[in-house]
Structure formats: C-alpha cells, structure tokens
Amino acid sequence: MPNALLVINAGSSSIKLALFESGGSGAPALLLCKGMLDHHQQQPQMIVKDLHGNVLFERHAAAEADDESFFADLLRWIDEFLTGGTLLAVGHRVVHGGLKFSEPVKVTPAILQALRELTPLAPLHQPVCLAPIEAMQKLRPDLPQVACFDTAFHHSVAPPMSRFALPRYFEQEGVRRYGFHGLSYEFFARHLREIAPDLAMARVVIAHLGSGASLCAMRNGRSVDTTMSFTTLDGLMMGTRCGAIDPGLPLYLQQQRGLSADEIEHVLYYESGLLGVSGISADVRVLTNSDDPRAAEALELFAFRAGAAIAAMVHSLGGLDAIVFTAGIGENSPEVRKQICAGLGWLGVELDDAANGANELRIGAKTARVATLVVPTDEEAAIAAHSQALITNR
Ligand code: ADP
C-alpha cells in the first residue's frame, strides 16, 4: 500500500473524512475512501466506504462517546488498511484564519494557540474545527497536521468589497468582510481549468448552496467578492441561517423584545432561513415535495435572495460569463436552480430545461449569453492537495 493523507472536514453536525493516496512529488493526491463521523444519529457512528460504496470501517458508540476515541480507532484501522504504507499527515478544514493566515500552515503549538485566539470571530464553528486537531495531536504527537482555511481564498478581496461602512478603527481590529467556503471556491479555481478551460479566467459566480450558502465572484481564478462576510450569517438565506438582514433588527430583538445575545444568536443561526420561513424544514427536498404554501414561499424567498445577490456579484465582476451551481442544493435541485435563473434572464442567463432536470454539467440553453454549469464541489480534494504540497515543501 502507498503512503496516505487523511483529510478531516469538521462541520457543526458531522465530520467528513477522506483518505488520499499521497501522489508523491508533483502528482495530485488520489482519493482512496471517504467517511463520516455522524452525530445526528441516536448513537454517534463513524463509517468509511470505498469508492464503490462498500463499507471498509464502521463503529457505533454510546451517545456520550467522545470524538477522540473514534479517531483512535480510525487511526488503528488506517494503519492496518495501509499495510506497510504510512499515514504522512492529516489535513484539516479550519473555518477562520483571520487576517494572518492567507495560506495553509503546518500546525505547531504556537499556531494552534493563534487559531484558538480567532474563536471570537467564529464562536460556533472555530472550536468544532480545532477539536479534531487537538485530538490528533494527543493521539499522534509526531504526525504532521495541516490547517487549511475557509477564509484564505478570499484574501484577494480588496476594498471596497472587503470593507464595512463602519468607523475606521474597527477595521484595524480585524472587522472586515472575510468570506467563507473558500476551500470549495478554491477547488473550482483549479477544477474549472480542467472541465471548462474556456471559463477558467472568465467572470464567474460560483453558487455554493448547501445548508450553509454563499456566492463567490471569481475573475481570473481569484475571489473578487463574496456574500458571507464577517461571520457565516451574512449574504444568502440558508437552511437555518437568516442571511443578510437589517443590522438594526438584532438591536430591536434585544431592546424591545428583551432577547439575550445568546437567544438572538440562536434565532439567527438555527431558527431562521428555510426552516424559519417555512416553519416545516430546512431541507429543500422536504420543501419541494410539500403542498404547504409556506414551503413554496420559503423556496421563493431563497431563490429571490440568491438572484439578487448574484446580480450584486455581477456588479463586482463588471459583467458575467458563467454561473456554477454546487453543494447539496446547487448540485441536486433543478427546481431551485430554475427558480433562481428565471429572475436572471436580463443578465443573459437561460436554462435548457432537459439538461437542468438531468443535473448535467452544462445546463444553459445553447443561445444563452451566459454559461450555466452544475459541478460537484470537493473541499477534501483541496485540503489533500494543500497538505501534500506542505509536507513535501512544494
Ligand atoms: P453542508 O455540507 O453545508 O451540510 P450540503 O452541501 O450537504 O450541506 O447540503 C445539504 C442540503 O442540500 C440539504 O439540507 C438539502 O436541503 C439539500 N439537498 C441534498 N440533497 C438534495 C436533493 N437530492 N435535492 C434537493 N436538495 C438536496
């Protein structure tokens, strides 16, 4: 067996895992298997499957089992699986790299401390991303670990796009529009060169529509603007997050309704978005299949807000050559894509209904001025590529 890289992509309700064969110098890392540590179940479970969906490793545990014990078993299994090969490094998605980290880094104790200090910028997400790094450090202190940042790709976003209209001193403290989902967007910056070379250097809006959702305005393979900003709440309406709202609204909730900061946080992050507006579900599959008019209203608002935000990204790009839909909703919901694109005809966006219905790569009408694509994202591949480059010092 070859040497390998483990990728850990920790989200709020589950941790995605991927094991890549290390491609050696110059070659890309190749996917061997994918897995998930799922906290949604009554009993947390970890499953790793090969590329055909066959289960390679499975462990269920009592509800109170900690992630570290799952990782200990996973590392033992990886050692067996690699029969003679070595696990060279673990690459992690880290949600916030602040002003300092514009590139992936090898984690040292000082860097881990610097990442902990960024927790106030992403209080709900940063600790979730750092926990697997801390667990791995305890389990295998000598195993190199690489932190790859969701914010890093957006370091190219410059004023005025990176700026809030707040007093200047806040910006000096790091209050700026950071942007997230950067590993997904960075994957596209590379991937478009392979699958759509005509668009790689063009003016492209990538619509990452998953349970968290954002847009990236990309030109020449670089981020020019993005809809999430200081936190992952800004921009698009999401599964349970509100997206952009009147900044006076949290003040109203606090001053007039007497909600505490924690209560307001819960409303904005977990009770809003598709779930809040529909009162039914955050899941587009459930809403699309529902006869309840509130489900249709939630989807209508989601599409309206996404369309309006795409138009804003076009303003930042100075025009539009392509839209790329990705992530759970973007890759799988022809209905949502259709509803969003229906409002963008004036920009030259027009769908081919059959291609859209079949989730094809190119879903735009032949006559459309703007290309429209559906492309699966692969944050884990971006993390593996970075990890390999860092441990081989390329
Ligand atoms: P995350 O990684 O942020 O948790 P995903 O990118 O996996 O999110 O997207 C999850 C969302 O994608 C689900 O909540 C659901 O709304 C949507 N989704 C997943 N599969 C489908 C499908 N087949 N049709 C429509 N929507 C889907």
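Note that ligands are numbered from 1 as they come in the structure, with each ligand's atoms numbered from 1 the same way. Hydrogens, waters and symmetry mates play no part in the numbers below; they use all other heavy atoms, side chains included.
- Across N359, T377, T326, a single residue satisfies side chain to side chain donor-acceptor pair (under 3.5 Å) together with E331, and that is T326.
- At a cut-off of 3.5 Å, with distance as the only test, no side-chain donor of Q126 or H96 sits close to an acceptor on the other residue.
- A ring-ring contact (aromatic ring centres under 6.0 Å, His included) check over residues 239-274, counting only residues at least two apart or in different chains, returns the pairs H266-Y270.
- Contacts between E335 and ligand 1 below 4.0 angstrom, taking non-hydrogen atoms only, are absent altogether.
- Side-chain N/O atoms of S22 and N3 include no donor and acceptor closer than 3.5 Å.
- Within ligand 1, counting atoms from 1 as listed, the ones closer than 4.0 Å to a heavy atom of K16 are 2 (O).
- In the model, E117 has a side-chain atom that pairs as donor or acceptor with a side-chain atom of Q113 under 3.5 Å.
- Of all atoms in ligand 1, listed by their number and element, those nearer than 4.0 Å to a heavy atom of V284 are 15 (C), 16 (O), 25 (C), 26 (N).
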Taking only distance into account, with no hydrogens and no angle test, what donor-acceptor pairs under 3.5 Å do side-chain atoms of residues 104-112 form with protein atoms, sequence neighbours excluded?
residue, atom, partner, partner atom, Å
T108, OG1, A110, N, 3.4
T108, OG1, I111, N, 3.1

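- The atoms of ligand 1 that sit less than 4.0 Å from any heavy atom of A327 are 6 (O).
- For atom 1 (P) of ligand 1, the closest non-hydrogen atom on the protein side is S211 OG, 3.2 Å.
- Interface atoms of ligand 1 facing I329, defined by a heavy-atom separation under 4.0 Å, are 12 (O), 16 (O), 17 (C).
- Aromatic ring centroids of H208 and F188 lie 6.0 Å or more apart.
- Closest to atom 23 (N) of ligand 1 among all protein heavy atoms lies N332 CB, 3.4 Å.
- With S333, G328, G212 as candidates, the residue nearest to atom 6 (O) of ligand 1 on a non-hydrogen basis is G328.
- Atoms of ligand 1 lying under 4.0 Å from at least one heavy atom of D283, given by number and element, are 15 (C), 16 (O).
- For atom 25 (C) of ligand 1, the closest non-hydrogen atom of the protein is R285 CG, 3.6 Å.
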